Amino acid sequence: MTGQGTVERTVQRLRWRCRRGMRELDQLLTRYLEQQYPGAAPAEQQSFAQLLDLPDPELFGYLVGRATASEEGLRHVIARIRRDPAEPA
């Protein structure tokens, strides 16, 4: 399989994992996946996948600012997800 095919499969798997029990989470995570993930550094992509392993309540707490992740990579991805898409990166 080509490298492009592998990337597409990875994105498809991540898209499925972005489907959560809360519509707000779905929207935030999917927007990041579509707009930021493709150009992100490999370490950031790994942190995003790690973020998707978290339970919904914990993830929601991070994304709305009720809690702060202890790991720097997660904090970076969370900040990018929370950033208004109209703002420059």
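In this text, all values refer to a predicted model and were calculated from it rather than measured experimentally.
Listed by chain and number, the residues in a side-chain contact (heavy atoms from CB on, under 4.5 Å) with Q27 are R23 (sequence neighbours excluded). Applying the side-chain hydrogen bond (donor to acceptor under 3.5 Å, both in side chains) rule to E24 yields no partners; only residues at least two apart in sequence or on another chain are considered. Residues meeting the side-chain hydrogen bond (donor to acceptor under 3.5 Å, both in side chains) test with Y32, sequence neighbours left out: E44. By the side-chain hydrogen bond (donor to acceptor under 3.5 Å, both in side chains) test, R13 pairs with no residue at all, sequence neighbours left out. Residues forming a side-chain contact (heavy atoms from CB on, under 4.5 Å) with R75 (at least two apart in sequence, or on another chain): T68, A69, E72.
Interatomic distance, L14 CG to E34 CD, rounded to the nearest 0.5 Å: 12.0 Å. Taken to the nearest 0.5 Å, the CZ atom of R82 stands 8.5 Å off from the CD1 atom of I78. In this structure, R80 CZ and S47 OG are separated by 11.5 Å, a value rounded to the nearest 0.5 Å.
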Practice prompt. Apply side-chain contact (heavy atoms from CB on, under 4.5 Å) to T10 and Y37, showing your working.
Written response: CA-CA 11 Å; T10 299; Y37 182 87; 3.9 Å; yes
Worksheet item: Could you go step by step and tell me if F48 and L74 meet the side-chain contact (heavy atoms from CB on, under 4.5 Å) rule?
Response: CA-CA 7 Å; F48 180 68; L74 292 180; over 6 Å; no
Worksheet item: Does the side-chain contact (heavy atoms from CB on, under 4.5 Å) test come out yes or no for D26 and M22, once each step is laid out?
Response: CA-CA 6 Å; D26 293 359; M22 299 175 70; 5.8 Å; no
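With contacts defined as side-chain heavy-atom distances shorter than 4.5 Å, the pair Q36/R31 does not qualify.
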Using distance only, find each side-chain donor-acceptor pair of residues 49-60 under 3.5 Å and give its atom names and separation, not counting sequence neighbours.
from	atom 1	to	atom 2	distance (Å)
Q50	NE2	E71	OE1	3.0
D53	OD1	R17	NH2	2.5
D56	OD1	R20	NE	2.6
D56	OD1	R20	NH2	2.9
D56	OD2	G21	N	3.1
E58	OE2	Y62	OH	3.0

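The stretch residues 10-29 participates, sequence neighbours left out, in no ring pair (Phe, Tyr, Trp, His ring centres under 6.0 Å) pair at all.
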